[in-house]
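These notes are about the structure you will find just below.
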Amino acid sequence: MKTVIKGGTVVTSTEQMSADVLIDGEKVVALAAPGSHDWEAGSDKVIDASGKLVIPGGIDVHTHMELPFGGTNASDSFETGSRAAAWGGTTTIVDFAVQVKGESAMDGFEAWMQKADGNCAIDYGFHMITGDINEQTLKEMDMLVDEGVTSFKMFMAYPGVFYSTDGEIVLAMQKAAENGSTIMMHAENGIAIDVLVQQALARGETDPIYHGITRPSILEGEATHRAIRLAELTGAPLYIVHLSAAEALAEVTMARDEGMNVFAETCPQYLFLALADLGNGFEGAKYVCSPPLRPRDDGHQEFLWQGLATNDLQIVSTDHCPFCFNDHPILGTQKKLGEGDFSKIPNGMPGVEPRMELIYQGAVGEGRLNVNRWVEICSTTPAKMFGLYPQKGTIAIGSDADIVVFDPGTPRTISADSHHMNVDYSAYEGREVPGSVDTVLSRGRVIIENDAYHGAPGDGQYLRRGTSQYLI
Ligand code: DUC
Ligand code: ZN
Ligand code: ZN
């Protein structure tokens, strides 16, 4: 099967050029000046990309399909969530397999492989949430690296659930320093937060807004500082997930200025939404995620955009972890588990679908970042950071033909009525974005075209990732 994408502007993290792209089977095999080669004659399919951008497919390195969490399961399965990702121009996800206390990490990995197997619309890999560090887990970290799971998420938050002590973090970091993997950190001081949560509830402060108020940014800054210094102690590469706070970004920036292998991602919700969204009574539950949305007036958002411009932040992922607002016929009660007690609201927001369009708006549309940087933070760096480059994350000879034709001139209004995620609300309801995803190819196959999905569950393959290609 030969496909030509003709007449578009090919954008990678470093180039912007008018070029035709030739795809043979699953790979990009040639790029050439527009019309300079008569590829159309021998091809099976021609995609006209005139006036459009031709970019490497998005890579979302932080999703939680089907995650058991907060007394329920994230509402997107691998099937629905990966399909929604494709609709939004994301052609690779890296999800989180889970090891819980008392269970083996390899068992957790195999369980998540089974959940995903035969269901994904796009290629996928896994990080591992290590919820129990012991002698066996430390050995399993080596085995997981061999399986292509080269990054391990730990939590300084959620005592009694995923929480690790500083000592456990040191042990895992020592192992990561040895086997070349990366420690990903949920950096919030969960012990201090739990005190504030209990005090708020005792005062009768039960609305969703108190979720945000009891997780102040200073406690993200503190945990980020501690994680960085433990990484310095052990020599492990450290990647701060879902960074939301200026205080945390300042710590990351300082560490990077010291020459450390410290990296961080942020997410669209921290770039576009704010603490005030948690107001409006229980409606605010739609916006409960951790870390929480920050007060708009405190300047976090522009600081994060600035961090993306200076590469103190390297990636925008989503932390996609949807829960329905209204009771669901199969999934039951989700967000409403926390009516009358904000601490029982399942933490998480939907986001895998609109990421590419939202970041295009905030970056290119609003003049903060150029189009190359948009591609870099949404695709190229995620690939390099998590050992997938240049198979993924670029348009180059020999790369997988994971390609999005993006129309910068056709706006779209984001709405739960038209999205494809299995969740009954959009956090961006009614927002108009200036450009939209037009056509999506996954390893050479057209899976989104003319506003229709042409793929099937199981098209996506497991990606055995290498170690980080982004280390200093
Ligand atoms: N934060 C969330 O909001 N949801 C899932 C896990 C997490 O850390
Ligand atoms: Zn987290
Ligand atoms: Zn997460």
Side-chain angles (χ1 to χ4, degrees), residues 61-70 74 93-116 124-191 223-224 226-228 230-231 233-242 261-265 290 317 319 321 347-348 385-387 462 464-468:
V61 293
H62 193 149
T63 66
H64 297 286
M65 307 306 172
E66 307 180 23
L67 178 73
F69 194 55
I93 55 169
V94 187
D95 202 273
F96 288 81
V98 178
Q99 176 219 21
V100 288
K101 275 245 174 303
E103 288 181 13
S104 106
M106 282 308 283
D107 286 354
F109 168 63
E110 274 151 26
W112 256 259
M113 285 289 275
Q114 268 183 16
K115 289 178 203 242
Y124 59 96
F126 285 114
H127 315 283
M128 187 84 217
I129 288 176
T130 42
D132 194 358
I133 293 293
N134 52 46
E135 235 171 81
Q136 188 200 344
T137 323
L138 293 170
K139 282 195 199 115
E140 287 177 319
M141 284 174 73
D142 288 333
M143 294 158 73
L144 284 161
V145 167
D146 291 341
E147 296 290 339
V149 178
T150 55
S151 35
F152 298 90
K153 182 178 179 189
M154 305 192 75
F155 289 77
M156 300 167 109
Y158 303 128
V161 188
F162 292 136
Y163 176 81
S164 290
T165 64
D166 288 358
E168 288 164 335
I169 291 168
V170 167
L171 286 169
M173 283 184 167
Q174 286 171 336
K175 173 56 78 179
E178 193 184 297
N179 69 16
S181 59
T182 296
I183 296 295
M184 308 172 80
M185 192 60 76
H186 181 128
E188 286 186 291
N189 185 327
I191 302 285
T224 304
R226 193 157 27 101
I228 288 169
L230 297 180
L233 176 80
T234 55
L238 174 67
Y239 179 91
I240 305 292
V241 291
H242 47 47
N261 276 313
V262 170
F263 313 100
E265 64 178 18
S290 293
S317 68
D319 199 8
C321 191
N347 284 201
M385 190 74 72
F386 293 104
Y462 173 65
R464 198 177 280 267
R465 297 182 295 112
T467 53
S468 175

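Computed from a predicted model, the values in this text were never measured in an experiment.
- Here the closest non-hydrogen pair linking Ala187 and Ala223 is C-CB, 3.4 Å.
- Side-chain contact check for Thr130 versus Glu168: every heavy-atom pair is 4.5 Å or farther apart.
- Put simply, CD on Gln174 and CD1 on Ile133 are 11.0 Å apart, with the number rounded to the nearest 0.5 Å.
- Two residues are said to be in side-chain contact when any heavy atoms from C-beta on lie closer than 4.5 Å; His242 and Glu265 meet this criterion.
- Counting only heavy atoms from C-beta outward, the side chains of Ile93 and Met65 approach each other to under 4.5 Å.
- Nearest heavy atoms, Ala227 versus Met173: O-CE, 3.6 Å.
- Note that CD1 of Ile129 is 5.5 Å distant from NE2 of His64, once rounded to the nearest 0.5 Å.
- No donor-acceptor distance shorter than 3.5 angstrom exists from the side chain of Lys101 to the backbone of Val161, with no hydrogens or angles considered.
- The two residues Pro237 and Ser181 have their closest heavy-atom pair at CD-O, 3.5 Å.
- Separation of atoms OG1 (Thr137) and CD (Gln99) is listed at 4.5 Å; rounding is to 0.5 Å.
- In terms of heavy atoms, Val61 sits closest to Met184 at O-CE, 4.5 Å.
- Here the OG atom belonging to Ser164 is positioned 12.0 Å from the NE2 atom belonging to His186, to the nearest 0.5 angstrom.
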Go through the steps for Ile169 and Met156 under the test side chain to side chain contact (heavy atoms under 4.5 Å, CB included), then give the verdict.
-> CA-CA 9 Å; Ile169 291 168; Met156 300 167 109; 3.8 Å; yes
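- Shown here for Ser290 and Asp319, the closest heavy-atom pair between the two residues is O-OD2, 4.0 Å.
- Between His62 and Ser317 the shortest heavy-atom distance is CB-OG, 3.3 Å.
- The aromatic rings of Tyr158 and Phe155 are tilted relative to each other, their planes meeting at an angle between 30° and 60°.
- Ring geometry for Tyr462 versus Tyr124: interplanar angle of 30 to 60°, hence tilted.
- Aromatic rings from Phe96 and Phe69 are positioned such that their centres are separated by 6.0 Å or more.
- Ile183 CD1 to Thr234 OG1: the interatomic distance, rounded to the nearest 0.5 Å, is 8.0 Å.
- Under the 4.5 Å side-chain criterion, counting only non-hydrogen atoms from C-beta, Arg226 is not in contact with Met185.
- Side-chain contact between Glu147 and Phe126 is absent, with no heavy-atom pair separated by less than 4.5 Å.
- When atom types are taken as modelled, the side chain of Ser151 and the backbone of His127 share no donor-acceptor pair closer than 3.5 angstrom.
- Looking at Leu144 and Phe152, their side chains come closer than 4.5 Å, going by heavy atoms from C-beta outward.
- Taken from CG in Leu138 to CG in Asn179, the straight-line distance is 10.0 Å, to the nearest 0.5 Å.
- You'll find the side chain of Val98 reaches within 4.5 Å of the side chain of Leu67, heavy atoms only.
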